Amino acid sequence: MTPTSAPSTEEFLDLLRTMLLIRRVEERLRDDFHAGKLPGGVHLYIGQEAVAAGVCAHLNDDDWIASTHRGHGHFLAKGGDPKAMIAEIHGKETGICRGMGGSMHVADFSRGIIGANGIVGGGVGITVGAALAAQLENKGQVAVCFFGDGAANQGVFMEAMNVGALWKLPLVLICEHNGFSEFSPSDTVTAGDIADRPEAFDIPSTSVDGNDAIAVWEAASAAVDHARRGNGPSFVLATTYRTHGHNEGEVYWLSGTYRDNSEIEDWNRRDPIERLTRTLVERDICTLDEVGAMDREILDTVEDACAFAEASAVPSPDAVQDLMFFNQAP
Amino acid sequence: MTPTSAPSTEEFLDLLRTMLLIRRVEERLRDDFHAGKLPGGVHLYIGQEAVAAGVCAHLNDDDWIASTHRGHGHFLAKGGDPKAMIAEIHGKETGICRGMGGSMHVADFSRGIIGANGIVGGGVGITVGAALAAQLENKGQVAVCFFGDGAANQGVFMEAMNVGALWKLPLVLICEHNGFSEFSPSDTVTAGDIADRPEAFDIPSTSVDGNDAIAVWEAASAAVDHARRGNGPSFVLATTYRTHGHNEGEVYWLSGTYRDNSEIEDWNRRDPIERLTRTLVERDICTLDEVGAMDREILDTVEDACAFAEASAVPSPDAVQDLMFFNQAP
Amino acid sequence: MAKKRLIQAINDALTEEMERDERVILFGEDVEISMFGDTVGLLDRFGPDRVRNTPICEATLSGMAVGAAAAGYRVILHMMFSNFIYTGFDAIANQMAKIRLMTGGQIMLPVTVIAGYGGGRSTAAQHSDTPYPALMNLGGINVAVPSTPADAAGLLKTAIRGNNPTFYLEAGGRGGQRGEVPDGDHLMPLGQAAIRRSGGDVTLVSVGAMMRPTLRAARALAADGIEAEVIDCRTLVPLDTETIKASVARTGRLVVVDEARDRCSAASHIAAVIAEESFHDLRAPVRRVTVPNIAMPYAPNVEKPLLPNPERIAEAAATLVQA
Amino acid sequence: MAKKRLIQAINDALTEEMERDERVILFGEDVEISMFGDTVGLLDRFGPDRVRNTPICEATLSGMAVGAAAAGYRVILHMMFSNFIYTGFDAIANQMAKIRLMTGGQIMLPVTVIAGYGGGRSTAAQHSDTPYPALMNLGGINVAVPSTPADAAGLLKTAIRGNNPTFYLEAGGRGGQRGEVPDGDHLMPLGQAAIRRSGGDVTLVSVGAMMRPTLRAARALAADGIEAEVIDCRTLVPLDTETIKASVARTGRLVVVDEARDRCSAASHIAAVIAEESFHDLRAPVRRVTVPNIAMPYAPNVEKPLLPNPERIAEAAATLVQA
Ligand SMILES: Cc1ncc(C[n+]2csc(CCOP(=O)(O)OP(=O)(O)O)c2C)c(N)n1
Ligand SMILES: Cc1ncc(C[n+]2csc(CCOP(=O)(O)OP(=O)(O)O)c2C)c(N)n1
Ligand SMILES: [Mg+2]
Ligand SMILES: [Mg+2]
């Protein structure tokens, strides 16, 4: 599988904009979390933005994605509304899930975002189902599953590869290898190279530097195209790093540490946003000033979204009565 | 991995005896089933005997095996008592499980037989646990999981490979590829070659003709030895065929057929017992007369076991009260 | 009206619904040849796009049902034996039962899960569970337990056309029971219990296939001069408590008959509801006739007495009336 | 006696039991660093043979627990959040709960499964289930729901030394509650409820961490002249029905407080047992204060009122007494 083309100027700028949006939203969520403004916890995606952005760049509104507990980035990259997401995380009625799901469950079906998922591996089977639906629709839709290196050890991963390959489903499996399975360094819980696992199913597997947005963009381009053409599933392993904690609250309740600060600093030097910015400037696609302007615009968006979220009302406690079932009392 | 040696004369004869025993027991179960003598159904192993016999030849009483719904052969090959097994299948108090388990649950922990299993893939996790115990005991025990090609599509298979490889457990995975996943021809439900799946975990994988007892014996010898030496899991794919139905009762309730008789006849010509007999005679290890004598002895054993089973009393209905919990009312 | 075997009523209903709405799809292990006969002929008729034999991978199958339904299809998932529900329980409990609430009601989830349940045929512990108590407790799952061919057809059609996940449980080995099925498009709403027999002395509530032994018990009681009212729940979620309460208001006595294990059974729940909401109507203790807290044994002589039977039911009812 | 946080009592009990019997092993995801703090320090102390961080693969972990126990070890499996029990439910329901019966009692199965349960902290639907109803219905599984540090220690030790599978459920987020723990080797048998407060007007039975709001309700009731007896179940399987029945014989009134969803809850079951066995002692309906049949929502203002609280409990009790 080879990428269909290189990103255009517009696409380059979109990539950067998406990544910056994710970053700024999450930095604000970080601050709001520590300020005690959020009712629940957040699992931040900071450091991994190139993956969501590089993959979702190839998707349309009617393509499906399923995401994880670390799902803000996927939501935003797939075109989800920052206001509705932030309001959700504040537990507000204006939230994308009316405040019922929170950070781990941000979903927008109208944009093909089947939802973040608090169950590790929970999105896998769901994506297979969406891929089956896409295949039956026969309109070239694809279904993309984002999951972590930890999730790759759940049996559903293998099951999905088998079903996907067998039925040639338009399924794209994106494994974000961010160094940790919760608090366990990945290699303490994972045997072999995850990127080898698809081979037994004749599923094309590509490993990329997940902090290199362009590399991700290219690998995803090929994988999505493969699926759209009816050639079946493909797999991309994106190696990256979560520079924040597993859960932003962990500093308050973990009894120990599980990594050296130097490791974090190392990875901060490989920051995907700085890296893409540098490339874009080097390639004369934009200037640093333009990036600054973009950033300010994004910061305004985030500011507005947060103001909106804070000003929104909490949901009515009675709302749940209508939500367990469609048109039926619980 | 190479086998440690070739079978000795004694080992050759034991192999044949085990296979014949399994065959004769099951032929009788078949007859008794159709005669309406058995309370439940049976999944016969006829045609696959070389696998159980070839693998269990390398195991001691304190090695563990977990088996499947098609588990009579594994039980007998691992040294389980035919009387106790047949009585079990008759639902009698003298059964190995006191009549509580029946055909799908024959187990004898004193011989390391953790049990047949009515849940496809159900034995996999259990074997990993037994392998963990064996590793902790540090006495060279191994744990062997028999499972079908259909079971290889259950996610636990991948999970077990990951855990097994990670912890270098003394785990031997034996996949019996008998052409069907229940009523589905294997290739209609399985993508790729199952024998390729272990590779991603650096687990040695060997494919053998499962109707060739000697080939199985050799592959299992290497795999068991690998585990005993502390080198971790290994995998053997034994290609074979179930010449009987998935369930012996299917002829009464299936609305259609799912294979041609010619396919069965083809495989009957590759019968593993005839094949081993031929080899043994060719190699002057025994004569056809000696095999006949062995067979008669086995038939007597089976006859005795069935008479024992039929003459045994049914369990007391109160027995269940003591069986859900140890020393505690249910 | 046509007399049909229960399994035939199911097969006909599936055929009609798939005919009626081409967005209805069905998948599961060996749905082509069909272990129980309920899905026979569907693959031939509707083709391999809409009817798929799957690999054995229940964890993914239940997740797929959620995903395909969320993506706009009406899904029928056949899980074969109820015990395999446990193998696929993650996506049932964590996704199917919760995703609508978690996402703020963004979607409907038209999923029907079919499985056979119950013991009595020496299939032993791993092929004879009665799983509805766990499903009932999840909250977001409807549970249908039809006991007649007419209800089998009517409830299945309602489930398939419905927009909420519904477990449709077939009583194992009882598919051969025959009964009249109304002609035409026969639908039975969820949440309407059936009064199978009227009587003023005691109310017998039956779950699923317990209807027959319960009716038999009622006939035996009548011979002793006790008139029992027999109410067949038809669905456990939603549960028609009104019909049960109205009956208890007349009889003052209740026996619930359920082939689930006793602890936290459907029978427990119905008893609890009545002990709260109809307390002042009750003239005697509420009895449960259930399976003891034991996994199903293989030996028939041990298994049989664990299941509710007409004798146990009649005895329970008689004690209440005579007390 | 020493005052300890509940989570510390658990940690101490684990340490003591692993010290006491070297065949006790513990595994689970991140048991080294320990999400809840209950397993902190065990890996350092007992080494990587006996304490293992596992990959994320609950289906295999629950199977492993069965296999390692069958092969002679005393297994402690930590499942973190209760919802992940569903991910590993196959081997729990189909193996752990049944294997002793299926094999004719050949083995004991010394398995303790630890998990945190319950809502109230905006962890949303997939991190806040209260799973004991499904476990209770399986039949072959003990269920402990300690509510004090002393019981947390005593029940855990009993579970670990016991020879049957026991789910030991920690009320999520309530590990910081403090209380006295007896010195020395403090064991608490399964199946003995505690009377936390005596009173003659109404019996309040609480499950697990519902003990505190129930006690608070009792105090509020006392201010209104209603004396409530508070019984803490401590274990749900086995269930100490005798203590509950004896209390109801004195009070004639029962409220069961349970943070499970209502349908087929522990509360339902207890209510059903009393409606049968203590019917003639009852002077009023049996009330359940539970979570409605709804998955936990995220927004705190929506989640909180779903959970039983002192007001709802007191109100239920008061209605009974005033009726
Ligand atoms: C079924 C299940 N098991 C365990 C957990 C607890 N848990 C939450 S995130 C996580 C680690 C996931 O690792 P990975 O898939 O690599 O994703 P990452 O957090 O690194 O993004 C674990 C164990 C869970 N949420 N669901
Ligand atoms: C979890 C589960 N799903 C489905 C079944 C029904 N079933 C019993 S055997 C079988 C096929 C198993 O195929 P394979 O593993 O190849 O074993 P074989 O029957 O060929 O020996 C199926 C689907 C089951 N028993 N358990
Ligand atoms: Mg990770
Ligand atoms: Mg097979």
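Proteins come first, then strands; the chains are lettered A, B, ... in the order of their sequence lines, and each starts at number 1. Computed from a predicted model, the values in this text were never measured in an experiment.
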From CZ (C:Phe279) to CZ (D:Arg287), nearest 0.5 Å: 13.0 Å
Residue part contacting chain C, namely of D:Leu138, when any heavy atom lies under 4.5 Å: both
Among C:Pro133, C:Ala266, C:Ala260, residue most engaged with chain D (heavy-atom pairs, under 4.5 Å): C:Pro133
Top contributor to chain C interface from D:Ile270, D:Leu135, D:Val237, D:Val256 [non-hydrogen pairs under 4.5 Å]: D:Val237
Proximal component of C:Val291, with respect to chain D [non-hydrogen, under 4.5 Å]: neither
C:Phe89 and D:Tyr86 aromatic ring geometry - parallel, tilted or perpendicular at 30°/60° bounds: perpendicular
Among D:Gly140, D:Ala97, D:Ser265, D:Ala284, residue most engaged with chain C (heavy-atom pairs, under 4.5 Å): D:Ala284
Spacing of CG belonging to C:Leu101 relative to OH belonging to D:Tyr298, to within rounding of 0.5 Å: 14.0 Å
Test item: D:Gln95 and C:Gln126 side chains (from C-beta on) under 4.5 Å apart, heavy atoms: yes
Approximate separation, where rounding is to 0.5 Å, of D:His269 NE2 and C:Cys264 SG: 6.0 Å
Side chain, backbone, both or neither of D:Asp262 within contact of chain C (heavy atoms, under 4.5 Å): both
Close side-chain approach of C:Arg263 to D:Leu239, heavy-atom, < 4.5 Å: no
Side chain, backbone, both or neither of D:Ala124 within contact of chain C (heavy atoms, under 4.5 Å): neither
Heavy-atom side-chain proximity of D:Arg261 to C:Asn137 below 4.5 angstrom: yes
CD1-CG distance between D:Ile85 and C:Asn94, expressed to the nearest 0.5 angstrom: 10.5 Å
